[in-house]
Amino acid sequence: MIRICSTEDVPKGTVISADVDGTQIALVHGEDGQFYAVYDECSHAAVALSEGEVEGCTLECWLHGSRFDLRTGEPTGLPATEPVPVYPVEVRDGDIYVSLTPSNGVTR
Ligand code: FES
């Protein structure tokens with residue numbers, strides 16, 4: 001697992017982008033208090049999901065409004081139909097770590 005930042009760097013309900021060994025990820029602090037990481041590109045068109053809005057346990061694409069469930073990577077609404085890769089996140093001693101092996105089996 002790779003250390004990204006401190007938990008304090010990502011307030012609840014916000015998202016940041018991070019380059020993890022050359023992979024762009026969107027790191028989210030969900031409104032449920034959990035941290036999530038997904039590949040930082042919408043599966044509909046190549047725009048950054050980290051520029052979208054956090055809603056509960058979803059991240060909304062700013063361009064056409066598809067929402068991605070951060071636990072499964074699946075879009076909950078059109079126009080996106082394909083899931084995005086979800087990366088395992090661990091919090092240790094106030095730091096956030098991410099693994100680049102997708103937990104939902106989706107590769108980019
Ligand atoms: S680019 Fe994200 S929904 Fe269209």
Side-chain angles (χ1 to χ4, degrees):
M1 290 217 148
I2 301 159
R3 182 185 175 278
I4 309 298
C5 60
S6 151
T7 52
E8 290 169 6
D9 297 332
V10 197
K12 202 170 181 175
T14 66
V15 52
I16 62 163
S17 69
D19 182 309
V20 184
D21 277 357
T23 298
Q24 287 303 127
I25 64 154
L27 182 65
V28 177
H29 193 168
E31 286 171 343
D32 60 354
Q34 301 291 314
F35 290 92
Y36 300 98
V38 295
Y39 183 51
D40 193 9
E41 189 176 284
C42 185
S43 62
H44 179 235
V47 303
L49 289 175
S50 59
E51 285 166 26
E53 292 286 316
V54 178
E55 273 262 348
C57 301
T58 67
L59 185 55
E60 183 178 287
C61 178
W62 59 271
L63 192 53
H64 307 116
S66 276
R67 278 194 202 156
F68 292 87
D69 188 313
L70 295 162
R71 296 159 295 197
T72 62
E74 295 286 342
T76 62
L78 293 171
T81 55
E82 298 293 322
V84 292
V86 176
Y87 302 109
V89 177
E90 227 176 83
V91 176
R92 270 185 251 146
D93 295 332
D95 288 325
I96 304 171
Y97 295 80
V98 167
S99 155
L100 288 179
T101 306
S103 58
N104 63 345
V106 177
T107 50
R108 56 193 180 94

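Note that ligands are numbered from 1 as they come in the structure, with each ligand's atoms numbered from 1 the same way.
Among the backbone and side-chain atoms of C61, no N/O/S atom is found under 2.8 Å from atom 4 (Fe) of ligand 1. Within the 2.8 Å limit, H64 places at least one N, O or S atom next to atom 4 (Fe) of ligand 1. Among the atoms of H44, no N, O or S atom falls under 2.8 Å of atom 2 (Fe) of ligand 1.
V89 and V54 end up in different hydrophobic clusters when Ile, Leu, Val, Met, Phe, Trp and Tyr side chains are linked at under 4.5 Å. Note on F35 and Y97: separate hydrophobic clusters, where clusters join Ile, Leu, Val, Met, Phe, Trp and Tyr whose side-chain heavy atoms are under 4.5 Å apart, directly or indirectly.
Remark: ligand 1 atoms within the under-4.0 Å shell around heavy atoms of C42 are 1 (S), 2 (Fe), 3 (S).
When atom types are taken as modelled, the side chain of H44 and the backbone of A80 share no donor-acceptor pair closer than 3.5 angstrom.
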Report the C-alpha separation of S50 and D40 in whole Å, then their side-chain angles, then the decisive distance to 0.1 Å, and conclude whether the side-chain hydrogen bond (donor to acceptor under 3.5 Å, both in side chains) test is met. CA-CA 6 Å; S50 59; D40 193 9; 2.7 Å; yes
